[in-house]
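Hydrogens, waters and symmetry mates play no part in the numbers below; they use all other heavy atoms, side chains included. The chain is numbered in sequence order, starting from 1.
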Amino acid sequence: MRQFSPADILALIEGLKWTLLLVALTLAFGGPLALLVSLARSARAKAPRWIAWAYIEMLQGIPLLGLLMFFYFGLPVFLNIELPALIAVALAYALYTGAFLGEIWRGGIAAVRQAQWEAADCLGLSRRHVFIHVIAPQALRIALPATVGFLVQLIKNTSLASVVGFVELARAGQIVIAGTFQPLLTYSLVAVVYFALCYPLTRWSRSLEARFNGAG
C-alpha cells in the first residue's frame with residue numbers, strides 16, 4: 001500500500017478524457033443514425049419502417065455489454081477483423097444509441113398531432129417542408145427531456161467499456177486501486193466525477209420536463 005499521489009490524480013484525469021471522448025464519438029455517429037432511424041420509422045413506405053423496426057427490436061434485445069463483447073472479442077474470431085479498443089467500443093455505443101435515441105425521437109414525431117400534417121397538406125406544402133418547419137421543432141420539444149435523460153444514462157454506461165480493457169474513468173480507478181490499495185478514496189473520487197458530469201444534465205432534464213408540462 002502506498003500514498004495516493006498526484007500521479008494517481010493524473011491517471012483519473014486521463015481516464016476522464018477517454019470517457020468524454022467516447023461520449024463525443026458516440027453522439028457524433030449515434031446521433032445521425034438515431035435521426036435516420038426515427039425518420040425511417042415515421043416514413044409512409046413500409047420497407048424503411050420495417051427495416052428501422054427490425055433494427056430497433058434487435059438492438060433493444062441485446063445488452064450493451066453483449067455488443068461490446070461482440071465488437072471487441074467476436075469480430076476477430078468470426079470475421080478476422082480486429083478493431084482498436086476505442087473504435088470497437090465507440091461502434092457498439094453508436095449502434096446502441098442509434099436504436100434507443102431513434103425510438104425516443106420517433107415517439108416525439110408521433111406525438112405531434114396528425115391534424116398538423118393534414119393542415120399542411122391542404123396548404124400545398126411538401127412533406128419535407130412540413131417536417132422541417134412544423135413537425136421537427138415540436139417533436140424536438142417533446143423528446144428533449146427524454147433525450148437529456150438518455151445522455152445521462154450514456155455517460156454512466158461508459159463504465160461498461162472497462163470490461164474489454166478500455167481505460168475510461170472507471171477502469172482508470174481500478175488501475176489506481178491496484179497500485180494504492182485505497183478503494184474507498186479512489187471510488188469516491190470516481191463517483192464525484194460521474195456525479196459532476198451527470199448532475200447538471202439531470203437538473204436540466206427535470207427543468208425541461210417541468211417547463212414543458214407547465215406549458216401544456
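- The distance from the CD1 atom of I87 to the CD atom of E82 is 13.0 Å, given to the nearest 0.5 Å.
- In plain terms, the two heavy atoms of A99 and Q60 that are nearest each other are O-NE2, 4.5 Å.
- In this structure, A43 and P48 approach most closely via the heavy-atom pair CB-CG, 4.0 Å.
- Of all heavy-atom pairs spanning E103 and I56, the tightest one is OE1-CD1, 3.3 Å.
- The backbone N or O of I155 lies less than 3.5 Å from a partner atom in the side chain of T158, making a donor-acceptor pair.
- Note that CG of L25 and CG of L91 are 11.0 Å apart. Values are rounded to the nearest 0.5 Å.
- When every heavy atom of L68 is checked against every heavy atom of L160, the shortest pair comes out as CD1-O, 3.7 Å.
- Of all non-hydrogen atoms in A172 and G15, the two that sit nearest each other are CB-CA, 3.9 Å.
- Taking hydrophobic clusters as Ile, Leu, Val, Met, Phe, Trp and Tyr residues chained together by side-chain heavy-atom distances below 4.5 Å, L36 does not share a cluster with F131.
- R41 places no side-chain N or O within 3.5 Å of a backbone atom of R49 that could act as its donor or acceptor partner.
- L83 places a side-chain heavy atom less than 4.5 Å from the side chain of I81.
- Comment: R171 does not engage E168 in a salt bridge, judged by the lack of any side-chain N to carboxylate O separation of less than 4.0 angstrom.
- Of the inter-residue distances, the one linking I177 atom CD1 with L184 atom CG reads 9.5 Å to the nearest 0.5 angstrom.
- Residues L21 and L201 fall within the same hydrophobic cluster, defined by Ile, Leu, Val, Met, Phe, Trp and Tyr side chains chained together at heavy-atom separations under 4.5 Å.
- Residue I62 is grouped with residue L33 when hydrophobic side chains (ILVMFWY) are merged at heavy-atom distances under 4.5 angstrom, including chains of intermediate members.
- G173 and V190 get closest at one heavy-atom pair: CA-CG2, 4.2 Å.
- Checked by atom type and distance alone, the side chain of T26 never pairs as donor or acceptor with a backbone atom of Y93 at under 3.5 Å.
- V167 and I13 sit in two unconnected hydrophobic clusters of ILVMFWY residues. Membership requires side-chain heavy atoms under 4.5 Å apart, directly or through other members.
- Ring planes of F78 and F70: parallel class, angle under 30° (limits at 30 and 60°).
- Contact annotation: the side chain of D8 never approaches that of T186 to less than 4.5 Å [non-hydrogen atoms, C-beta and beyond].
- With hydrogens and angles disregarded, no donor-acceptor distance shorter than 3.5 Å links the side chain of Y72 to the backbone of P84.
- Within the 3.5 Å criterion, the main-chain N or O of L39 finds no donor-acceptor partner in the side chain of S42.
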What's the verdict on side-chain contact (heavy atoms from CB on, under 4.5 Å) for L154 and L27, showing C-alpha distance, side-chain angles and the deciding distance?
CA-CA 10 Å; L154 175 65; L27 294 178; 4.0 Å; yes
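- Linking ILVMFWY side-chain heavy atoms closer than 4.5 Å, directly or via other members, places Y194 and Y187 in two distinct hydrophobic clusters.
- In this structure a side-chain-to-backbone donor-acceptor pair under 3.5 Å is missing from S207 to R203.
- A tilted orientation is assigned to the rings of W50 and W53, their planes being inclined by 30° to 60°.
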Would you please test L189 and F4 for side-chain contact (heavy atoms from CB on, under 4.5 Å) and show each step?
CA-CA 12 Å; L189 289 173; F4 205 88; 3.7 Å; yes
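- Taking the six-membered ring where tryptophan is involved, the planes of F100 and Y96 are tilted, since the angle between them lies from 30° to 60°.
- To the nearest 0.5 Å, the span separating CG on N80 from CG on L75 amounts to 10.5 Å.
- If you take CG on L101 and CG on L151, they are separated by 9.0 Å, rounding to the nearest 0.5 Å.
- Other residues, nucleotides and ligands contribute over 12 non-hydrogen atoms within 6.0 Å of the CZ atom of F73.
- For R141 and Q138, the side-chain atoms include no donor-acceptor pair closer than 3.5 Å.
- Considering CZ of R106 and CD1 of I109, their distance stands at 9.0 Å, rounded to 0.5 Å.
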